[in-house]
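These figures come from a predicted structure and were not determined experimentally. Below, chain A is the first sequence line, B the second, and so on; all start at residue 1.
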Amino acid sequence: AAGVIQSPRHLIKEKRETATLKCYPIPRHDTVYWYQQGPGQDPQFLISFYEKMQSDKGSIPDRFSAQQFSDYHSELNMSSLELGDSALYFCASSSRSSGTYNEQFFGPGTRLTVL
Amino acid sequence: AQSVTQLGSHVSVSEGALVLLRCNYSSSVPPYLFWYVQYPNQGLQLLLKYTTGATLVKGINGFEAEFKKSETSFHLTKPSAHMSDAAEYFCAVRLTGGGNKLTFGTGTQLKVEL
């Protein structure tokens, strides 16, 4: 079965640079979530989208922005990167229409390293 | 505010022994509860979930968990540990009636020894 796809899997950036992370949800999933997992920490919710509209917002820094496109894929844009942004970024998807809304399927993550 | 507490950041068991990973939540309304497993350098895989109905939930790989409202607990168990169970386990909650975001516990690293 198709899973959540994230790209790139690994990304290395310098301080103050920008980064764009992409997430392709499971086909026919309409909701996308972004989580940040720092080294040795639990995943923290950043933001979510349903049908291209922001549905919930967590501890996302103002330097970050995200959107969901008409094909339901989502991008997380990160500017003025800081060392503390180094983390594993997960995308998850779910579907309101198919009754699996309560179950989030996670992608493999993008490991961002800021030098 | 809701939170999730996982007792024990590291748990070590012998192969074949009982696995018990503890999770308690704090919420005035019973939330939806989940257990996820994370293998090294991999994403989060859902083990099992409780939303409504039967309080004993069976998941993949022989794991199960019981929702106990009186104890605000959702402990994860497996009768007999296998070496392949070594991983990090996260308990998570989703508050019913609110957004669908998950709040995770701090995780428990399970080590299985011969």
Shared ILVMFWY cluster between [X] and [Y], side chains joined below 4.5 angstrom?
X       : Y       : value
L48(B)  : L110(B) : yes
Y39(B)  : M83(B)  : yes
F106(A) : Y72(A)  : no
I26(A)  : V32(A)  : no
I5(A)   : F90(A)  : no

### Message
For a 4.5 angstrom cut-off between non-hydrogen side-chain atoms, does Y33(A) reach L102(B)?
### Response
no

Applying a strict 4.5 Å limit to non-hydrogen atoms, the region of L44(B) in contact with chain A is both

Ranking A92(B), G105(B), G107(B) by heavy-atom pairs under 4.5 Å to chain A gives rank one to G105(B)

Between F90(B) and P43(A) the two heavy atoms that sit nearest each other are CE2-CD, 3.8 Å

Rounded to the nearest 0.5 Å, the CG atom of D42(A) sits from the CD atom of Q38(B) at a distance of 10.5 Å

dist E103(A):CD -> R94(B):CZ (nearest 0.5 Å) comes out at 12.5 Å

Applying a strict 4.5 Å limit to non-hydrogen atoms, the region of I47(A) in contact with chain B is neither

If one checks every heavy atom of Y35(A) against chain B at 4.5 Å, the contacting part turns out to be side chain

From the list R111(A), R9(A), Q37(A), the residue making the most non-hydrogen contacts under 4.5 Å with chain B is Q37(A)

Is there a side-chain contact (heavy atoms from CB on, under 4.5 Å) between S94(A) and N100(B)? Walk through the geometry before answering. CA-CA 10 Å; S94(A) 67; N100(B) 205 33; 3.9 Å; yes

**Message:** Tell me if the NZ atom of K111(B) is crowded by more than 12 foreign heavy atoms within 6.0 Å.
**Reply:** no

Hey, is CZ on R28(A) packed in by over 12 heavy atoms from elsewhere, all under 6.0 Å?
-> no

